[in-house]
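A short worksheet on the structure shown next.
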Amino acid sequence: MQPKVVTIGLGYIGLPTSALIANNGVSVHGVDISQHVVDTINEGKIHIVEPDLDQAVAKAVKEGYLKADIKPVVADTYLVVVPTPFKGNYEPDISYVKAATEGIIPLLKEGDLYIIESTSPVGTTEKMMDLIFLKRPELEGKIYLAYCPERVLPGNVMYELVNNDRVIGGVDEESTQKALAFYRQFVKGELHPTNARTAEMCKLTENSSRDVQIAFANELSLICDKANINVWELINLANKHPRVNILQPGCGVGGHCIAVDPYFLTADFPMESRIIAQARETNNYKSFWCAEKVKNTRLEFELKYGRQPSIALMGLAFKPNIDDLRESPAIHITERVLQDSGDADLYIVEPNVHEHKVFKLTDYNEAAAKADIIVLLVAHNEFKNLSFKENQQVLDFCGVTK
């Protein structure tokens with residue numbers, strides 16, 4: 001069966017998207033640079049933690065609608081779902097998008113649909129269009145190109161891929177309509193047509209907005225710490241106002257979206273994005289502040305008891321109940337504490353990860369029972385049922401004990 005869709009990138013978005021399309025009876029050829037990822041998927045298994053994804057992949061592979069490979073093949077629709085990290089001084093790196101595009105240029109034919117889902121700086125879709133037509137000028141005006149960002153919540157991806165609204169922007173009206181028709185096959189949420197540049201900007205705007213709102217909550221937590229006020233109680237009371245909706249503070253901001261996307265705007269529009277830039281600084285500072293708080297608590301313990309405390313660092317993921325460690329502030333805090341703690345006993349905990357290449361992981365029950373200082377970095381469900389002893393000091397940076 002010749003695949004109708006090629007997805008390039010089989011990570012946290014690419015694999016669920018591939019499984020969704022395949023479970024709708026459309027043959028999908030998924031591409032990833034990792035042979036391990038390819039082999040795992042072809043066995044009907046998954047390499048990431050995401051509810052319901054394992055069943056979707058197993059079904060799609062068993063029924064022959066999903067196959068993984070390290071190289072793309074000829075298809076009708078190509079989805080680029082690769083990472084877009086930043087480089088140097090927080091400058092967007094679209095090299096993965098470019099490499100994915102170059103890999104399919106020889107395969108493109110008249111009538112094909114090319115869609116970027118990767119978060120991208122404004123103008124990326126047009127840049128890739130120029131790249132394609134530079135190498136394949138005979139295709140100009142004969143293929144369709146569009147941008148459609150994902151907006152799903154890790155931990156609920158399979159539901160939200162189907163039910164969330166999508167913003168879809170083509171490089172021209174025909175491309176927009178072609179992309180709308182493609183997504184209509186799988187998405188129950190409303191599809192909102194626009195142009196490629198606005199769709200690119202929409203994704204960056206959504207995540208920058210969240211970052212600014214989280215920065216406000218994190219700034220409040222810093223103020224409340226100095227003022228000896230419980231920030232969780234304060235926010236709960238302030239949110240009783242009918243037009244106030246303050247988010248919850250944490251130990252920073254992580255993940256491949258909110259912690260990264262604002263830089264795409266500050267890099268291209270530095271003079272116009274001052275609030276966005278300040279929010280990024282505030283959220284980055286919060287993890288530094290948390291690490292300093294742990295350090296000071298450890299020193300106070302040493303002065304009081306004349307010995308090094310044992311410390312449990314609870315959580316490494318960038319948000320609760322997932323295994324995704326990308327840009328996680330909890331990891332930055334853990335690294336700083338490790339550097340400062342000398343010979344202190346440290347228990348590093350992440351219940352959603354079996355092993356880590358740098359940190360030795362400890363069971364959360366064991367860590368909570370043994371440690372003198374409990375540092376709650378991520379509000380995983382497992383931590384909410386823990387009870388702490390009176391002589392244990394608890395630093396709750398994520399509201400587990402609020």
Side-chain angles (χ1 to χ4, degrees), residues 210-235 246-255 258-260 278-302 308-322 324-342 344-351 356 358-359 361-362 364 367-368 371-380 382-384 386 388 392-402:
R210 299 259 310 151
D211 198 41
V212 170
Q213 293 170 48
I214 295 168
F216 180 75
N218 278 335
E219 198 164 272
L220 272 182
S221 71
L222 302 176
I223 295 168
C224 286
D225 184 71
K226 274 201 168 180
N228 196 26
I229 293 169
N230 182 322
V231 68
W232 313 102
E233 180 187 6
L234 172 74
I235 290 174
I246 304 166
L247 301 182
Q248 301 295 297
C251 61
V253 172
I258 299 176
V260 175
Q278 182 58 52
R280 277 282 71 232
E281 287 186 25
T282 298
N283 286 332
N284 284 339
Y285 173 72
K286 184 65 189 291
S287 58
F288 170 81
W289 181 89
C290 291
E292 288 298 296
K293 197 83 173 168
V294 176
K295 179 181 176 181
N296 290 336
T297 304
R298 176 177 62 79
L299 293 172
E300 288 168 7
F301 185 98
E302 287 179 24
Q308 286 259 31
S310 54
I311 303 172
L313 297 157
M314 309 290 282
L316 292 177
F318 82 81
K319 66 184 290 279
N321 307 317
I322 61 171
D324 194 341
L325 310 184
R326 292 177 296 175
E327 311 301 327
S328 173
I331 287 185
H332 297 311
I333 293 165
T334 299
E335 287 171 345
R336 289 189 71 90
V337 172
L338 274 170
Q339 289 167 0
D340 288 337
S341 60
D345 287 332
L346 293 181
Y347 304 107
I348 299 171
V349 173
E350 179 42 70
H356 190 274
V358 175
F359 306 128
L361 300 180
T362 301
Y364 67 96
D372 298 305
I373 300 171
I374 310 285
V375 184
L376 294 162
L377 298 172
V378 189
H380 289 313
E382 290 89 343
F383 303 162
K384 293 175 182 176
L386 292 172
F388 305 111
Q392 287 179 312
Q393 286 183 268
V394 179
L395 298 177
D396 184 0
F397 296 130
C398 56
V400 170
T401 62
K402 62 186 175 183

Contacts of Lys293 meeting salt bridge (charged side-chain N to carboxylate O under 4.0 Å, His left out) (sequence neighbours excluded), chain-then-number -> Asp225
Applying salt bridge (charged side-chain N to carboxylate O under 4.0 Å, His left out) to Asp340 and not counting sequence neighbours gives none
Exercise. How are the rings of Tyr285 and Phe288 set relative to one another: parallel (under 30°), tilted (30 to 60°) or perpendicular (over 60°)?
Worked result: tilted
Measure the spacing between [atom1] of [X] and [atom2] of [Y] and express it to the nearest 0.5 Å.
| X | Y | atom1 | atom2 | answer |
| --- | --- | --- | --- | --- |
| Tyr347 | Ile374 | OH | CD1 | 10.0 Å |
| Phe388 | Gln393 | CZ | CD | 13.0 Å |
| Lys402 | Gln248 | NZ | CD | 4.0 Å |
| Thr282 | Leu222 | OG1 | CG | 8.0 Å |
| Glu350 | Ile331 | CD | CD1 | 8.5 Å |
| Leu313 | Leu376 | CG | CG | 10.0 Å |

Mind checking what makes side chain to side chain donor-acceptor pair (under 3.5 Å) contact with [X], not counting sequence neighbours?
| X | value |
| --- | --- |
| Glu302 | Arg298 |
| Ser310 | Asp372 |
| Gln213 | Ser209 |

Can you tell me if Gln278 uses its side chain to pair, donor with acceptor, with the backbone of Ala215 under 3.5 Å?
no
Residue set satisfying side-chain contact (heavy atoms from CB on, under 4.5 Å) with Ala259, at least two apart, ordered chain then number -> Val253, Arg280, Glu327
If you take all heavy atoms of [X] and [Y], which pair is closest and at what distance?
| X | Y | value |
| --- | --- | --- |
| Pro351 | Tyr364 | CB-CD2, 4.2 Å |
| Ile333 | Cys251 | CD1-CB, 3.5 Å |
| Gly315 | Ala330 | O-CB, 3.4 Å |
| Ala317 | Ser328 | O-OG, 3.2 Å |
| Asn218 | Asn283 | ND2-OD1, 2.9 Å |
| Ser341 | Gln308 | O-NE2, 3.6 Å |

Evaluate the side-chain proximity of [Y] to [X]: yes if any heavy-atom separation is below 4.5 Å, no if none is.
| X | Y | answer |
| --- | --- | --- |
| His380 | Asn321 | yes |
| Phe383 | Asp396 | no |
| Ile223 | Ser221 | no |
| Arg210 | Leu247 | yes |
| Val294 | Ile373 | no |
| Lys286 | Pro249 | yes |
| Leu325 | His356 | yes |

Only residue of Val375, Leu386, Thr362, Leu377 satisfying side chain to side chain contact (heavy atoms under 4.5 Å, CB included) with Met314 is Leu386
task: For Val394 and Val400, run side chain to side chain contact (heavy atoms under 4.5 Å, CB included): C-alpha distance rounded to whole Å, both residues' side-chain angles, the deciding distance at 0.1 Å, then the answer.
output: CA-CA 10 Å; Val394 179; Val400 170; over 6 Å; no
